[in-house]
Every structure is written in C-alpha cells, then in structure tokens.
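To start, the structure under review is shown below, and the notes come after it.
Bear in mind the structure is a predicted one, so any value in this text is a computation, not a measurement. Note on naming: letters A, B, ... go to the chains in the order of the sequence lines (proteins, then strands), and numbering restarts at 1 for each one.
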Number of protein chains: 2
Amino acid sequence: MKLTTKGRYGLRAVVDLAVNTDDEAVALSQIAERQGISLNYLEQLVARLKKAGIVNGIRGAQGGYVLAMPAEEISVGDILRALEGDLSPVDCYEINSNDTPCDNSDICVTKYVWKRISDSINDAVDGIMLSDLVAESRRVNAEAGITQESQANQTC
Amino acid sequence: MKLTTKGRYGLRAVVDLAVNTDDEAVALSQIAERQGISLNYLEQLVARLKKAGIVNGIRGAQGGYVLAMPAEEISVGDILRALEGDLSPVDCYEINSNDTPCDNSDICVTKYVWKRISDSINDAVDGIMLSDLVAESRRVNAEAGITQESQANQTC
DNA sequence: TTTAATTCCTATTAAATTACTCGGTATTAA
DNA sequence: TTAATACCGAGTAATTTAATAGGAATTAAA
C-alpha cells in the first residue's frame with residue numbers, strides 16, 4: 001500500500017517545475033539536481049506526465065519542460081495517476097473498468113471495502129491542486145530563509 | 001499503491017471465519033479450501049492476525065481459530081493494518097512515528113499530500129466493521145442460492 | 001496410549017516488480 | 001557548427017512478494 005518512487009519523485013519534480021518556472025522552460029537537469037534525482041530516471045517519470053498532458057516538452061538547446069496548464073487546473077490526483085497508474089488498492093473490474101472481469105463478483109464482499117478505499121484516496125488527491133502546493137512551497141521556503149537547498153535523500 | 005495478497009487473502013479469510021463460525025473453532029484447512037488459498041501461506045497471514053489480537057488459535061485436534069472479539073468490535077482497518085502494516089502511502093516520520101525522521105521535513109511540501117491520503121484511507125477502513133461484511137456476505141449468499149461455493153482464483 | 005488433526009515456527013526459493021543505468025538519436029538556440 | 005537539451009528503448013541490480021517445504025508442539029478422540 002505504498003507509492004513507488006515514481007509517485008514520490010514525480011510529484012516533487014512537478015512542484016519543483018511549477019515553483020521554478022519563469023516564462024522559460026525548465027531543464028530536467030536542473031530539477032534533477034535540486035531534487036537529488038537521477039536525470040535518466042527523471043526523464044522516464046516526466047515522459048508519463050507528458051503523455052498525460054500535464055507538461056509539455058520543448059526540445060533543443062535552452063529547451064526544457066513547462067506546465068501544459070495553469071497550476072490551478074492540475075490536481076495532485078492527475079499527477080499521481082499519471083505517474084502510478086490508477087490509485088485503487090486492487091485490480092478489480094468493478095472499480096477500474098480497465099481490469100478483467102471477476103468470476104466471483106456476485107458473491108464478493110470485499111469489493112465494497114476496496115471501492116470505499118479507492119474513492120477516498122481519489123477524493124483526497126483530487127481535492128488538492130498543484131497551485132496549493134506551490135503556494136505552500138513558497139511559504140515554507142520564505143520561512144526557512146529563501147535558501148533554495150537540495151532536497152536530496154529525503155525519504156518521501 | 002496496491003494491497004498485497006496478504007491484505008486481500010487475509011481479509012477474505014477473516015470474513016470466512018466470521019461467517020462460518022458456530023461456537024466451535026474453524027480449522028484453517030477449511031478456510032483455505034473454501035477460499036482457494038494455500039494452507040501454508042494462510043498460516044502466515046493468520047499468524048499476523050493472532051499477533052494483533054484479532055483471532056485466537058486453539059491447538060490440537062478439533063482445534064482451529066476463533067475471533068478474539070465480537071465482529072462488531074473489529075474494524076476492517078484493524079484487520080488490514082495487522083496484515084499489511086501501516087496503510088500510509090509513504091514511510092514518513094511525520095505520518096508514521098515508527099519511521100526515521102526526515103532531514104527535509106521543514107521544507108517538505110508533499111507531506112501534506114501524504115497525510116491527507118493516509119487519513120482518508122484509515123478513516124475509510126475504520127468505518128467498516130467486520131460485522132458489516134458478515135451481514136453483507138449472508139445477504140449475497142442468500143440471494144445467490146445459499147450454495148457455499150469456493151471463491152478460488154478471484155482477482156481481489 | 002496411540003493416532004490423527006491441528007496450530008505453530010523457521011528457512012528457503014521462485015517470480016515479479018522496482019528502481020534504476022546506459023547508450024544512443026533527434027532537435028534547436030546560440 | 002556546437003552544445004544543450006528532449007526523447008527513446010534495452011538491459012540490470014536490488015528488493016519485495018508470494019509462496020513452498022518441513023518439521024515441532026499440542027490435544028481431542030479412538
């Protein structure tokens with residue numbers, strides 16, 4: 001029941017991008033350095049975000065990535081689902097229609113549990129917008145003294 | 001962000017135990033057969049439930065397991081946490097006090113996200129009691145014709 | 001008193017997943 | 001032309017999961 005590094009690193013990367021954007025594209029190498037994430041691995045994470053329409057890539061020198069939408073319109077749920085796949089606790093047809101149907105659906109009792117968990121997770125993450133995290137980030141950084149430190153080696 | 005088979009099989013096993021109990025202890029071999037779970041593996045799952053005080057084991061011939069408390073007093077959260085460990089999406093000291101503290105806690109923004117997810121999951125599962133699932137199980141089995149079929153090979 | 005049924009315990013292993021690394025190609029501003 | 005960047009796919013090491021296996025301890029019943 002844990003998120004993988006895809007979700008953890010990836011959300012941090014998007015917040016970093018949103019915070020450090022200034023009309024120009026942000027190079028992944030900068031995000032990788034600030035966040036202490038390997039560039040090669042970060043590329044793979046950002047590829048998922050791009051595919052989901054959350055960021056746009058700009059190729060060539062001085063290129064980088066930009067948000068595809070205003071931060072107010074991107075939910076944490078959008079970001080985490082792009083990175084992790086569905087946030088349901090089980091692969092169950094009744095919950096995620098992409099899964100294969102289940103023989104025992106009619107007498108399955110636990111599916112009610114999985115549905116409640118799934119809905120509560122999705123409601124929670126869809127209620128937080130990227131802009132909320134950007135605002136919070138600016139606030140805590142101001143308090144901490146504006147030093148743009150590396151966040152390497154953090155556990156979450 | 002998926003439960004493991006520990007949580008999935010284990011919850012089914014507890015519901016099976018609660019449904020099929022009749023003053024006498026229920027042998028794991030019966031639960032294993034009805035639920036299509038390997039006996040050896042089920043033993044490991046039930047050991048966790050016993051350690052958490054959810055079931056009691058009765059040794060010897062005609063032995064088996066019984067609920068340690070009335071089903072009304074056992075929440076699905078108790079069961080899943082016993083089987084899976086904490087249900088938080090990250091290993092984070094701010095959320096699970098058993099984890100090691102984090103250097104970047106003061107400037108960490110994503111921890112608010114993880115906390116919201118964690119709380120919503122725990123609220124959801126703590127709001128469902130084992131007795132609710134037992135009642136639901138009796139209802140759907142009655143509708144399906146009271147045939148106590150095996151639930152083997154179900155995906156969740 | 002023996003036997004069979006059961007919980008209880010620990011070690012080992014196969015499979016799957018995760019978390020990367022590596023090496024390249026394509027594109028574009030300077 | 002060069003350097004900086006996104007983009008792409010293959011391979012690999014480490015970790016975790018999902019079991020399997022085998023036996024010891026306990027106890028009701030024959």
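- Distance alone, capped at 3.5 Å, is enough to place a donor-acceptor pair between the Arg12(A) side chain and the Gln35(A) backbone.
- Of all nucleotides listed (dT7(C), dT20(D), dT6(C)), dT6(C) comes nearest to the side chain of Ser29(B).
- Salt bridge status for Asp106(B) with Lys111(B): absent, with no side-chain N to carboxylate O gap under 4.0 Å.
- Val26(A) approaches Thr21(A) most closely through the heavy-atom pair CG2-CA, 3.9 Å.
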Review item, nucleotides 27-30 of chain D N/O atoms under 3.5 Å of protein N/O:
unit_1  : atom_1 : unit_2   : atom_2 : d
dT27(D) : O2     : Ala61(B) : N      : 3.2
dA28(D) : O4'    : Ala61(B) : O      : 3.3

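- For Leu45(A) and dA6(D), the CG to P distance is 14 Å, given to the nearest whole Å.
- Spacing between atom CG of Asp91(A) and atom P of dA18(D) amounts to 12 Å, rounded to whole angstrom units.
- Atom CD of Glu43(A) is separated from atom P of dA10(D) by 16 Å (rounded to the nearest Å).
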| request: Mind running side chain to side chain donor-acceptor pair (under 3.5 Å) on Asp123(A) and Ser120(A) for me, showing each step along the way? | output: CA-CA 5 Å; Asp123(A) 287 352; Ser120(A) 73; over 6 Å; no

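- Following rounding to the nearest Å, Asn56(B) (CG) and dT6(C) (P) show an atom-to-atom distance of 18 Å.
- Following rounding to the nearest Å, Leu28(A) (CG) and dC7(D) (P) show an atom-to-atom distance of 8 Å.
- Within 6.0 Å of OH on Tyr93(B) lie no more than 12 heavy atoms contributed by other residues, nucleotides or ligands.
- As rounded to whole Å, 17 Å separates atom P of dT5(D) from atom NZ of Lys50(A).
- Rounded to whole Å, the distance from CD on Glu33(B) to P on dT6(C) is 12 Å.
- For the atom pair Asn96(A) CG and Lys115(A) NZ, the distance stands at 9.5 Å (nearest 0.5 Å).
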Are there any protein N/O atoms within less than 3.5 Å of an N/O atom in nucleotides 16-20 of chain C, and if so, which ones and at what distance?
unit_1  : atom_1 : unit_2  : atom_2 : d
dA19(C) : OP1    : Thr5(A) : N      : 3.3
dA19(C) : OP2    : Thr5(A) : N      : 3.1
dA19(C) : OP2    : Thr5(A) : OG1    : 3.1
dA19(C) : O5'    : Thr5(A) : OG1    : 3.2
dC20(C) : OP2    : Tyr9(A) : OH     : 2.9

| message | Please determine whether salt bridge (charged side-chain N to carboxylate O under 4.0 Å, His left out) holds for the pair Arg81(B) and Asp126(B), giving the CA-CA distance in whole Å, both sets of side-chain angles, and the decisive distance to 0.1 Å. | response | CA-CA 10 Å; Arg81(B) 281 184 296 265; Asp126(B) 287 336; 2.7 Å; yes

| request: List the steps and the verdict of side chain to side chain donor-acceptor pair (under 3.5 Å) for Thr5(A) and Tyr41(A). | output: CA-CA 10 Å; Thr5(A) 55; Tyr41(A) 192 43; 2.9 Å; yes

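- Counting to the nearest Å, the C1' atom of dT27(C) and the OH atom of Tyr65(A) are 13 Å from each other.
- Val66(A) belongs to a hydrophobic cluster with Ile58(A), counting contacts under 4.5 Å between side-chain heavy atoms of Ile, Leu, Val, Met, Phe, Trp and Tyr, direct or through other members.
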